[in-house]
Amino acid sequence: MTVLEPPHHTKPPVDPGTLDHRTLREGEFWRAIPAYAEVDETTFLDSIWQGRHSVKTPEELFETIHGLVEPAFIDDARAGFERAPMAVRVSPYMLASIDWANPYADPIRRQFIPLASTALPDHPRLTLDSLHEQEDSPVRGLTHRYVDKALFLPLNTCPVYCRFCTRSYAIGPDTEDVDKVALGKTPKDWHDAFTYIASRPELEDIVISGGDTYQLAPKNVLLIGESLLAIPHVRRLRFATKGPAVMPMKILTDTAWTDAITSVVERGRSLRKEVVIHTHFNNPNEISWITRNAMNLLFERGITVRNQTVLIRGVNDDVATMTRLVKRLEYLNVHPYYVYMHDLVRGVEELRTSIQTSVDLEKNVRGSTAGFNTPTFICDAPAGGGKRDVHSYEYYDRENGIAVYTAPSVKPGKYFTYFDPIHTLGADAQARWADPAAQDEMIAAAVERAGGRVEALA
Ligand code: SF4
């Protein structure tokens, strides 16, 4: 008789306790916030209530979290609000997801509530519109950079305002520091964008962003979706919204909005055209049982959701957090699509990381799950080079923190530079950046090492 050997396992089973990407915040967690202690589930899940109770001033923040933080924290926030280039707006859902026992380190607080005490001087090469979206804008509210793709910006408001927003030149109300560029906000304004797209047969892919498409009235979701789908050469639409990360309950309770998106997706499917949602989760703590229910509803309706994360210091710049984020997203059927380098935007230097951080993170995240759910780590090359694989620099001067990229299919012959935050560099390099003449020399030398000449800098 043959005796069967027990199966040989090359890998021991994993301790289920380590699979923490599956453990979401459950229950009525918001009641820990003094202002929401008496708020029941129906009220908290109401997106209109969420919008009305979003915090926009230090006073509202103080009233909401009174007793949870030291007065010094509120003073710090008040000074931070005053100098921020972005207006502040934080949803109750986000406020309830912050660990108020440790607000300075909390990854959600870092994204939405500026503090004066942690601010760092801007990099000398920062500009407000670092991606030069306005230079590639043929009509108001439309950016046409890549051959077959356009970015349509039909509004300038969002359910929250992120401190690190790429479009701080246009998004939200004016601040002490910045008068915002006007985007078209009505169907009449959008007509020029539709006409331009219809006139350019190469355009197949339209991203509808803003602002945030969560803020579009359902009738305008339908108007924009159906107008674009009716253009024969348009093949793909992406509705961009941070909503699922910062106010997921809207998908569950604003049935008119969710039905409007569903209708556009179904209309697209009937025309054999793809319509998807692109969203923006940055940290696993943003995901709760409410998110799970919202993503389940979209999945049941056959709506694809892809995620674009921004790599932010103290939010997701360590391997454990980034891996947990990726795995939690895929667990909810959200495709982790991109991890962007933080753009070179004003007033948030303490949130940026180096190119090397992204390279190292990618190396560690790859292999932790299937390739199709492994995000591509990219640098959106400043001055309009478009998205580049972060590893694809022509040259990277790590000492001075200068990475040089080219973009042959977007702007052939041009060179694009990304700068690491100065406070992450050594003392000698920091001294060089303090001298404008030395800055020019360092940049010229890096471009030459990349094979270009300084005249070819974008
Ligand atoms: S939701 Fe998007 S567009 Fe709005 S502030 Fe945040 S990053 Fe900017």
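When a ligand or atom number is given, it counts from 1 through the structure's own listing order. Bear in mind that the values here come from a model prediction, so they are computed numbers and not experimental data.
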Open item on the list: With 2.8 Å as the limit, count the protein N, O or S atoms near atom 4 (Fe) of ligand 1.
Closed with: 1

Open item on the list: Using ring centroids (six-membered ring only for Trp), state whether Phe299 and His335 fall under 6.0 Å.
Closed with: no

Open item on the list: Check whether Ser54 reaches the backbone of Gln50 with its side chain - one donor and one acceptor, N or O, closer than 3.5 Å.
Closed with: yes

TODO: Would you please indicate yes or no on a ring centroid separation below 6.0 angstrom for Phe419 and Trp433?
DONE: yes

Open item on the list: Please list, in number order, the atoms of ligand 1 under 4.0 Å from a heavy atom of Met86.
Closed with: 5 (S)

Task: Interatomic distance, Met295 atom CE to Ile303 atom CD1 [nearest 0.5 angstrom] - done: 9.5 Å

Open item on the list: Do the side chains of Glu26 and Arg292 get close enough for a salt bridge, i.e. N-O under 4.0 angstrom?
Closed with: yes

Open item on the list: So that I know where these two stand, are Tyr337 and His278 an aromatic pair - ring centroids less than 6.0 Å apart?
Closed with: yes

TODO: Mark whether atom 2 (Fe) of ligand 1 lies under 4.0 angstrom from at least one protein heavy atom.
DONE: no

TODO: Identify the heavy atoms of Arg301 and Thr262 that sit nearest to each other, and give their distance.
DONE: NH1-OG1, 2.9 Å

